[in-house]
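Within every chain, numbering begins at 1; the chains are lettered A, B, ... in the order of the sequence lines, protein sequences first and strands thereafter. Since we're looking at a predicted model, the values are computed, not measured.
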2 protein chains.
Amino acid sequence: MTEIQRPGALYQQVAAAIRGAILSGEFTPDSLLPSEAQLMARYQVSRPTVRNAVAALRAEGLIDVRHGKGSFVRSGSQPALTIERRISRTSDGQFVMPNGDVWTEAEQPSTYRTRTTKTTGHFLALNEEEALFGCDRLLTDPETGTRAMHRTLIPFEVTEGAPALAEEPGKTPAEVYRTLTQAGHKLWWSETVRAHMPMPDERTTLQLPDATPILHLSRVTHGANDRPLILEEFRVGADRAELAYRITADKQTTRRRPA
Amino acid sequence: MTEIQRPGALYQQVAAAIRGAILSGEFTPDSLLPSEAQLMARYQVSRPTVRNAVAALRAEGLIDVRHGKGSFVRSGSQPALTIERRISRTSDGQFVMPNGDVWTEAEQPSTYRTRTTKTTGHFLALNEEEALFGCDRLLTDPETGTRAMHRTLIPFEVTEGAPALAEEPGKTPAEVYRTLTQAGHKLWWSETVRAHMPMPDERTTLQLPDATPILHLSRVTHGANDRPLILEEFRVGADRAELAYRITADKQTTRRRPA
DNA sequence: AGTCGTAACTCGTAAGGACAAGTGACGTCT
DNA sequence: AGACGTCACTTGTCCTTACGAGTTACGACT
C-alpha cells in the first residue's frame, strides 16, 4: 500500500497515492478500485476528501466510476480507429473521396443556413456574418461503433459559381467534390487539427466517457486561384480515433495568428 | 437571468443555467462571474451545490477560476500557434528540418536509455522491451511563450547501421536527419495525431490551464525499405497550438487496429 | 509620501450527516 | 424452474459548518 505524502492538500495526497498505486501496477487495468468507504478507512479521511481525490483521477482519465458498481482502472488502450490521410495521388490521377467507404450515416443529414463565425470565417477567408449553407451528419463506423460528427459549410457566394451546389446542400462530400471538379476546379485541401473538451451536447451525441477530449479536424477545400470553397468540420472522440498523415518530404514553418 | 430548469440533479440545473447565460452572451468573455455566495443566493442552493456546478463548467473549459479573485468566462480564443506541416518539397529538393527555426530549447536535453512500450513498439515495428536511446527536450516558442515537450527515440539496432547516431543521442532532429541522409537513407515520415488529458507532470511542465487536452504528435521517420528508424513524440497544450496539413491530392482509408 | 496592517472580499479544503439511486445476490413465493 | 422482492453493497446528491489562503483596498502609522 502506498502511503500518503506530505506536500499539498489532503485530497491531492490521496489522489497521488492512488495514482501511484495504479501506475506502479498495484491496481491493474479494468480492476476494481477500493470503494469510497474502504479508501476512507485506508487513508483515514472523510468521504468528501475521498470523492475529491477520485474526481481528480477521473478528470485525468485514469479511472472510470460507475454508479452502484465502483471505480475501475481505465485501460490505457490505443484508439481503435486510425484515420489515414494520404498525400499521394492514386494511380489514375483521381482522388478518393474522404469518408466514403467506411462511415455510415446514423441519421438523416440536417441542412440549414447560418452565418460565418470568427473561426469559420477565418478558414473560408470571409468576414463574419456571411451567409452559409450548412449540413450536419452523424457518422458511425459500423465495425467499432465509433461515432463522429461531420459538418459541411458552403458560402452562398460559392454556390453562385456552381449552381448545382445550391440545389442540394445535403449532398455527401464526395458528390460536392465531383460537382466542383466538373465545374473546372483543381482541388487541394488544407487540414487543421485541434483538440478541446466537449460541450454537453457533443458528449452525448458522441457518447464520450469522462475526461475525453475531441479531435477536431477542419478541412478546407480550395479551388481555382486557391480560393477557399468549402469548410468541413469533423469531430471524433480522442479515445476512439487518431489521425495519420503520410509525408514524403517535409517543410515546417510556424505561423502566429495576429492578436 | 436564466432560471434553473426541472430535469436532472440540482447542480446540473445550476450549471446549465450558468452555461446558458454564458452562451447567450449575458456573461461576456473575460468578465467576472457572480461569486459563489451570489450564486447561492441567486439559485437558492448551498455552497457545495454551487461549487459542483462551477466544477462542471470548469471541466468543460468554459470558465477559469482563480483563488481569491473569482470565476472568469474563458474567451473562446483560437490557438496562437499554427504549426504547419507542408507536404511539398522545397525548390532545391531539400527538406527543411522541423522545429529548427522557431522553437528554442528551454533546458538542456536529457538523454537516457529505455525500452519499447506497447505503443512505441507499434510505431517502430518492434516488439516490447527492445532497447532504445531516448532524448527529452523542453521547447519554448519565444514569441508566444508556448511550451512543448519533444522526445526522440532511436532503437539500438538502428544506431548500429549508423554509428554516428550512437555517439550523440542528444542531437537535434535536424542533425539526426542529416546523419541518416548521409548514410544513404531516403527519408519519409508518417505522423499520427492523438489527444488526451495531461498527467500531472505534463500539466505542470506545459503550464496547462484546467480542462486543457494535449495534442500529441507521433512522427516516425522511415528510411530504406520503409524501415522505421526514429520515433519523435511532440506534445503541446491544445489551447496554444494547432496542426495544419496541406494536401494536394487526397486518399483516405480507415484502418482498424487489431484487438 | 511611503509603508504596512487589517478588513473584507474571494475561492480552497475538510469534516459531519442524511437520503436517493443504481447494482447484484440471495431467498422466497408462485 | 422461474419470477419477484428484499437487502446489502456501491456511488450520487445535498445540506451545514468551519477554517485556510489568496487578493484587494483602505486607512493608519511612520
Side-chain angles (χ1 to χ4, degrees), chain A residues 4-19 22 27 30-74 200 203-204 207 209-211, chain B residues 4-19 22 27 30-74 200 203-204 207 209-211:
Chain A
I4 65 180
Q5 302 296 323
R6 269 306 85 222
L10 230 196
Y11 81 93
Q12 294 280 17
Q13 301 172 33
V14 174
I18 302 176
R19 189 187 302 115
I22 292 174
F27 300 131
D30 291 325
S31 70
L32 193 58
L33 243 56
S35 73
E36 295 179 355
Q38 290 170 323
L39 293 173
M40 287 170 65
R42 177 155 165 165
Y43 298 117
Q44 288 296 302
V45 294
S46 68
R47 185 152 173 245
T49 302
V50 166
R51 284 188 64 78
N52 215 340
V54 167
L57 299 174
R58 215 201 310 211
E60 293 172 24
L62 221 53
I63 63 176
D64 252 334
V65 182
R66 268 172 285 178
H67 190 172
K69 302 192 72 171
S71 304
F72 297 82
V73 180
R74 207 180 264 188
R203 173 149 55 231
T204 57
Q207 300 175 333
D210 280 339
Chain B
I4 65 180
Q5 303 295 323
R6 268 304 85 222
L10 231 194
Y11 80 94
Q12 294 280 15
Q13 302 171 32
V14 174
I18 302 175
R19 190 186 301 115
I22 292 175
F27 299 131
D30 291 325
S31 72
L32 193 57
L33 244 54
S35 72
E36 294 180 357
Q38 290 170 323
L39 292 173
M40 287 168 65
R42 177 155 168 166
Y43 298 116
Q44 289 297 300
V45 294
S46 69
R47 184 150 174 245
T49 301
V50 167
R51 284 188 63 78
N52 216 340
V54 167
L57 300 174
R58 215 202 311 210
E60 294 171 24
L62 220 53
I63 63 174
D64 253 334
V65 182
R66 268 173 285 176
H67 191 174
K69 302 193 76 170
S71 303
F72 298 82
V73 180
R74 206 179 266 189
R203 171 149 56 234
T204 55
Q207 301 175 331
D210 279 339

Nearest-angstrom distance from the residue atom CG of B:N52 to P of C:dC11: 15 Å
Nearest-angstrom distance from the residue atom CG of B:L39 to P of C:dC11: 8 Å
Heavy-atom check, side chain of B:L39 versus side chain of B:V14, under 4.5 Å: no
Side-chain heavy atoms of B:I18 within contact of B:Y43, under 4.5 Å: yes
A:E60 side chain reached by A:L57 side chain, heavy atoms, under 4.5 Å: yes
First and last nucleotide of DNA chain D, 5' to 3', lying under 4.0 Å from heavy atoms of chain B: D:dT13 to D:dT24
Pairwise side-chain contact, A:Y11 with A:P48, heavy-atom cut-off 4.5 Å (strictly under): no
Between C:dT23 (C1') and A:F72 (CZ): distance, integer Å: 11 Å
A:Q12 CD - C:dT13 C1' separation (whole Å): 11 Å
Length of the OH-C1' vector between B:Y11 and C:dA21, whole Å: 13 Å
A:I63 and A:I22, any side-chain heavy atoms less than 4.5 Å apart: yes
Phosphate OP1/OP2 of C:dC19 contacted by A:R47 side-chain N/O (<4.0 Å): no
Residues within residues 59-71 of chain A bordering DNA chain D, heavy-atom distance below 4.0 Å: A:V65, A:R66, A:H67, A:G68, A:K69, A:G70
Separation of C:dC19 P from B:L10 CG (nearest whole Å): 18 Å
Inter-residue atom distance A:Q12.CD - A:R19.CZ, 0.5 Å rounding: 7.5 Å
Whole angstrom value for the distance that separates P of C:dT10 from CE of B:M40: 11 Å
Integer-rounded Å distance: C:dG12 P and B:D210 CG: 9 Å
From OG1 (A:T49) to CD (A:Q44), nearest 0.5 Å: 12.0 Å
Pairs satisfying salt bridge (charged side-chain N to carboxylate O under 4.0 Å, His left out), at least one member in residues 8-18 of chain B, at least two apart: none
Validation row: B:L32, B:F72 side chains within 4.5 angstrom (heavy atoms): yes
